[in-house]
Protein chains: 2
Amino acid sequence: MKVALIQQKFHNNKQKTVEKTLDMIKESKQKGANLVVLQELHQSQYFCITEDTQNFDLAASYEEDLKFWSDVAKKYSVVLVTSLFEKRTEGLYHNSAVVFESDGSIAGKYRKMHIPDDPGFYEKFYFAPGDLGFEPIETSVGCLGVLVCWDQWYPEAARLMALKGAEILIYPTAIGWFDEDSDAQKQKQLDAWMTIQRSHAIANGIPLICVNRVGKEKDPTGVIDGIRFWGRSFICGSQGEYLKVCEHEDEVVAICELDMSQISNVRNIWPFLRDRRIECYDGLTKRYLR
Amino acid sequence: MKVALIQQKFHNNKQKTVEKTLDMIKESKQKGANLVVLQELHQSQYFCITEDTQNFDLAASYEEDLKFWSDVAKKYSVVLVTSLFEKRTEGLYHNSAVVFESDGSIAGKYRKMHIPDDPGFYEKFYFAPGDLGFEPIETSVGCLGVLVCWDQWYPEAARLMALKGAEILIYPTAIGWFDEDSDAQKQKQLDAWMTIQRSHAIANGIPLICVNRVGKEKDPTGVIDGIRFWGRSFICGSQGEYLKVCEHEDEVVAICELDMSQISNVRNIWPFLRDRRIECYDGLTKRYLR
């Protein structure tokens, strides 16, 4: 299977940003990709940088967006992983990854389960926690364990996807630095972020695709300066080994051939699923055990 | 808190090996360590390289071993993490980490929960799976989440320790390469092993100490050539950042000051425990979900 990830900037408005995305999907297809993965909330700025009810308007086009990306998947005949701002009803929104089959049909949807909230990332204001659980999505290119951004810090999420048959983990993401952080702190954050995702590939013996936004976006309210999204999208194999790593600052179409037979080779010699002590894991369903 | 890890070789017999360990504990103490961590099954060769009932004799001295290491902890006034072959009764053995308080008392014991079994690592033959659960051990230097080797591939184990209050994760280990593996494969295995452990520090916001054996040990039956234990013991902080990394081939006493106030700083800005979707984690207690 040939996969493409599209790491991009926000180009000041939806139309220009989506045009750029379409160019990059076209390039992905020309280079032979069967699966194309877009970054988190790829149609807009990362609006969660501030709490503003005006931003809910960005979800008003959700039904049109579905139609639009369905047409794109069909036109290029690729399985397409999108990340959309879903309006479910008045006052109820989700951060949703919608996966389109190469014929334009909806293969499945994942609503972001773990919702962050920290300065500049006010997602609990915008998104209700997902209520579809951790269900991988069956497609013509395999069973996709699609999770979103903050989920990537939770080994529980990746494990549940794997236990339900996911053959690949996919994380559309929007994470970055504050310019005022020290270089050492920035490096630590980046390393931690790459490390924990690679660990999900390792723990579950399946490859992983992570697509992160790039470029600086300002906080319109000036409470903070802004976020410099650090790019560094990557693809790793089922032992966590890097297959592709993107740059910090540039828009990138990264293409990678994934050898899915690796899963079986790796899992047979590192059979972690065999030895789980499931009778002793009840505590995982508790908030804290003291 | 100042911690020491002792990475060492097997010196052909128990007496010489233990003498060397004592030298290194003495050095640790002289350098100011309050906590000393030894590697997996540090008194003997890694006997699980083959299945041989004669090797159960190595556990016959378990009660004496307890007394011996208790005296060592008291003599040097350090909290000491040992890894012993525990004989519980005839035909029932465990791979147990016993933690001694600096006054020589037993602070607690952990019986290895996840038991591996693959060529050269026939542990299911020797060790009954632990029945003490994932319980951290309270000591004068903090609450220690002691796990052993194969456990390090399981995010569940680290999480349960953290949920029960562990302030540091500790992994005595014996892992190595087969000389006939390619350099690329060796590097992949080593990277995966370091990555997944660092991820446990990151996911739980606590530091981690991993102590691995070093040196080549032959398979006495000749079924395989032997195992070249890859050393590379390391200590990382609560964002998974390396604080110490040991060499591949040498015996090492590695000393490191751990700033335990980091835990609170890191957890307050990366509050992963806050957002766990515990009501959706039931599946983790199942073997597989298809």
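Here is how names work: the chains are called A, B, and so on, in the same order as the sequence lines, proteins then strands, and each is numbered from 1.
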Please look at B/A201 and chain A and tell me whether the side chain, the backbone, both or neither of the residue comes under 4.5 angstrom of a heavy atom of that chain. neither
First locate atom OG1 of B/T285, then atom CZ of A/R276, and finally report the distance between them rounded to the nearest 0.5 Å. 8.5 Å
Pairwise distance OH(A/Y288) to CG(B/L163) - rounded to 0.5 angstrom: 7.5 Å
Tell me, side chain or backbone of B/D117 under 4.5 Å from chain A's heavy atoms, or both, or neither? both
For A/C280 and B/M113 the tightest heavy-atom approach is SG-CE, 3.5 Å
For B/G165 and A/R290, the nearest pair of non-hydrogen atoms, with its separation, is CA-NH1, 3.4 Å
To the nearest 0.5 angstrom, please state how far the CG atom of B/L160 sits from the CZ atom of A/R277. 11.5 Å
Of all heavy-atom pairs linking B/L284 and A/Y281, the shortest is O-CD1, 3.4 Å
A/R198 versus B/D191, closest heavy-atom pair with distance: NH2-CB, 4.0 Å
Separation between CD of B/Q239 and CD of A/Q185, rounded to the nearest 0.5 Å: 5.0 Å
Beyond-backbone contact of B/R287 with A/L273, side-chain heavy atoms, under 4.5 angstrom: no
Portion of A/K286 that has a non-hydrogen atom of chain B nearer than 4.5 angstrom: backbone
Minimum-distance pair of heavy atoms, taken over all atoms of B/P116 and A/R274: C-NH2, 4.0 Å
When the 4.5 angstrom heavy-atom criterion is applied to B/C236 and chain A, the contacting part is neither
Distance from A/D275 atom CG to B/E123 atom CD, nearest 0.5 Å? 10.0 Å
Any heavy-atom pair between the side chains of A/Q189 and B/W270 that's under 4.5 Å? yes
Examine whether an atom of A/W193 lies under 4.5 Å from a heavy atom of chain B, and if so say whether it belongs to the side chain, the backbone or both; otherwise answer neither. neither
I need the residue from B/A203, B/G237, B/A158, B/G133 with the largest number of non-hydrogen atom pairs under 4.5 Å to chain A. B/A203
Indicate the atoms forming the closest heavy-atom contact of A/R159 with B/W153, along with that distance. NH2-O, 4.4 Å
Could you have a look at A/E156, A/K164, A/E241, A/K188 and say which one has the most heavy-atom pairs with chain B under 4.5 angstrom? A/E156
